[in-house]
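Computed from a prediction, not measured in an experiment: that's the story for all the values here. Residue numbering restarts at 1 for every chain, and letters A, B, ... go by the order of the sequence lines.
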Amino acid sequence: MASCEQWQEPISAYADGECTRAERRAVEAHLKECPACRQWLEQIIADQEIFTRTLTGRQADISDSVMGRVNEMSAQESEREKHKRPVRTMRLVELVAAVAVVAVVGAIVFPTFARSREKARQSNCLSNVKQIMLGMGMFAEDYDGRLPNALTWVDDLQPYTKNEQIFNCPHHSTAQMDSYAMVRRYSGVKLEDIDNLAETIIIYEAENGQPAYRHNGGMNVGYADGHGKWLKQLPPDALDTTGMKPGPPERNYGLTRRLKLAYDAACEVWVKHLQDAVIAAEQAFYEHGGFVLSSTMACAPGSGNPGHAEITGKVPTAEVAGTLKALAALGYVARREIYGEDLTDGYVTAAREVTQTKQQIHNLQQRRKQAGKKEKKQAEADLAEARSNLGPAQDGVFGVQRELALATITATIIEKAPRTSEIATGIGAAWGSFLSSAKKMGVLLVWLALYGLLLLPVILGVVIYRRWRE
Amino acid sequence: MVRRVLKGDNDAYAELVNAYQGQAVAMALHLCGDFETAQDLAQEAFLQAYRSLAGLKHPAAFRAWLYGILRNVCRKHLSRRPPPAASLQGNGVPEPSAPADDSVEMRSVLNTLDLEHRELLAARYLLEMDYKEIAQMLGITVNNVRVRCFRAKQALRAALAGDGGVASG
């Protein structure tokens, strides 16, 4: 019997039908042999019957009362629902509005981030510029105060900077040491010939030879005295590379005498409306302190020949650049020429002529005083001749001075559409600007998409939750 | 069925009540020992279930869930009113519509069992839940249920054997 106690638990499970198959076989085998355990099984089954009968003897019916209360409750509930403000879930429109708001906020915030990132690049770039200018200073010390050649300056400076990285702006994607350009005007120029070192830009940021405003709409430039600075806009004449702006009067390239330099210029401008352009061109001459020598215009509509005009005028030498710029603004510049001329020799010759003539007159006057009666006549004649030479000599000086003071500009204005290649350039420019704005738009769209992605789980969650509730 | 109720179909809930009320009342009766109270408790359990039906995660487990609620309701009731039904019967208060004397006596015998054993016996015999369901309801393992069931049966056997006349009758 004692051994049977260990069978009671499996038999209990057997009675409940919760044995494993092996256990069931074992229990059944044991029950066949053991009358005591059979009795135990019968007893617990009998107990179960008694138990069940005792408790389920009376039929209860609470469904009516339960359902009465339940209906009451649901009626109350629906009454409360009526008075309660409906719980509103987000509608699609609201969701879209929320996304849009987030996107707009993102679009506002993103440029701020971009700006601060750009600021960091800008200061890196400025450091590059300063190092380059330091290298330039060292180069100048070794080369008799001369700046390097504007075409080979990057290579020229390598022995001094010993760093190729500094020739790349951190903003510039290519690694080709061409982020900066040197102002051609100062190619090989002696530093001492530059009148204002602290205001003379030597290098600037460039891309394909054009000024590149890479940093927050501005660029870093290096000045001749070695300092660097961020500029929102380059000064208009900073990069004048054609030499059309005469050097400052002080510049004399180490010569003791003053150089006498004269300029003339010519240009051909194609415009859409001839009359307007001619008037504007004449205006340009006057505005730059000059005057028009001749202005001719010929226009024959319907003849197939383009209307054209030719304006010749004089402007002060210092105003050549400004005048040409104003003329160029009229339309498409098809041709532009500048002639510089060194009139030093001519001036010196003419001035010497005047001095000599004056000296001769002076000598002749002395001689006339000392001369006797017989020689006096001859002296008078010589003096008169010398005096008559003075005028032309002075004219010669004046002529040179006039050449120096005033430059002749000949502007040819033609009523003509730009050539197809020019149109292509126009289309190319338009296409470029379109691409650039598309790029900006694309960046914006990408950010919108990113914000959308961030919101996607939320949106999905809301949608799934609503589905689930339904 | 539960989903239908959640959609506002109260008739479906009536079906549920009809299906489970017998077992529920029997279980409440077994736990608290008094038929009237058992009806009240079962009703309370059904109402509570109705109220919190939306919180039922697995509608298929409605039965186990309902009996879990009933169990809690009964326990609350018992903790609030400690005097056991046995003492009432001992005072000779007659049950209004007791079908048979032995049933009353049997119940007083059953009331001597531990609450834990009573719960297990009720779940197994009245609700005819298998061990797995009981394990889910009580939050214990199936083996644990099996052992506890065995102990409860032993206790029942002992109680019935102590009241030999009823056991044999």
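- For the atom pair CD of A:Gln8 and CD of B:Gln154, the computed distance is 5.5 Å after rounding to the nearest 0.5 Å.
- Across all non-hydrogen atoms, the minimal contact from B:Arg146 to A:Glu18 is NH1-O, 4.2 Å.
- Remark: the backbone N or O of A:Ser12 is paired with a side-chain donor or acceptor of B:Lys153 at under 3.5 angstrom.
- When each of B:Asp130, B:Leu121, B:Leu47 is scored by its heavy-atom pairs under 4.5 Å with chain A, the top score falls to B:Leu47.
- Around atom CZ of A:Arg121, more than 12 heavy atoms belonging to other residues, nucleotides or ligands sit under 6.0 Å away.
- Within a 6.0 Å sphere centred on CD of A:Glu23, other residues, nucleotides and ligands contribute more than 12 heavy atoms.
- B:Val147 touches chain A through backbone and side chain together, each having a heavy atom under 4.5 Å away.
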Please determine whether side chain to side chain contact (heavy atoms under 4.5 Å, CB included) holds for the pair A:Arg69 and B:Phe46, giving the CA-CA distance in whole Å, both sets of side-chain angles, and the decisive distance to 0.1 Å. CA-CA 10 Å; A:Arg69 292 272 302 274; B:Phe46 274 116; over 6 Å; no
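- Heavy-atom distances place the side chain of B:Arg124, and not its backbone, under 4.5 Å from chain A.
- Here CZ of B:Phe150 is found 8.5 Å from CD1 of A:Ile44. Values are rounded to the nearest 0.5 Å.
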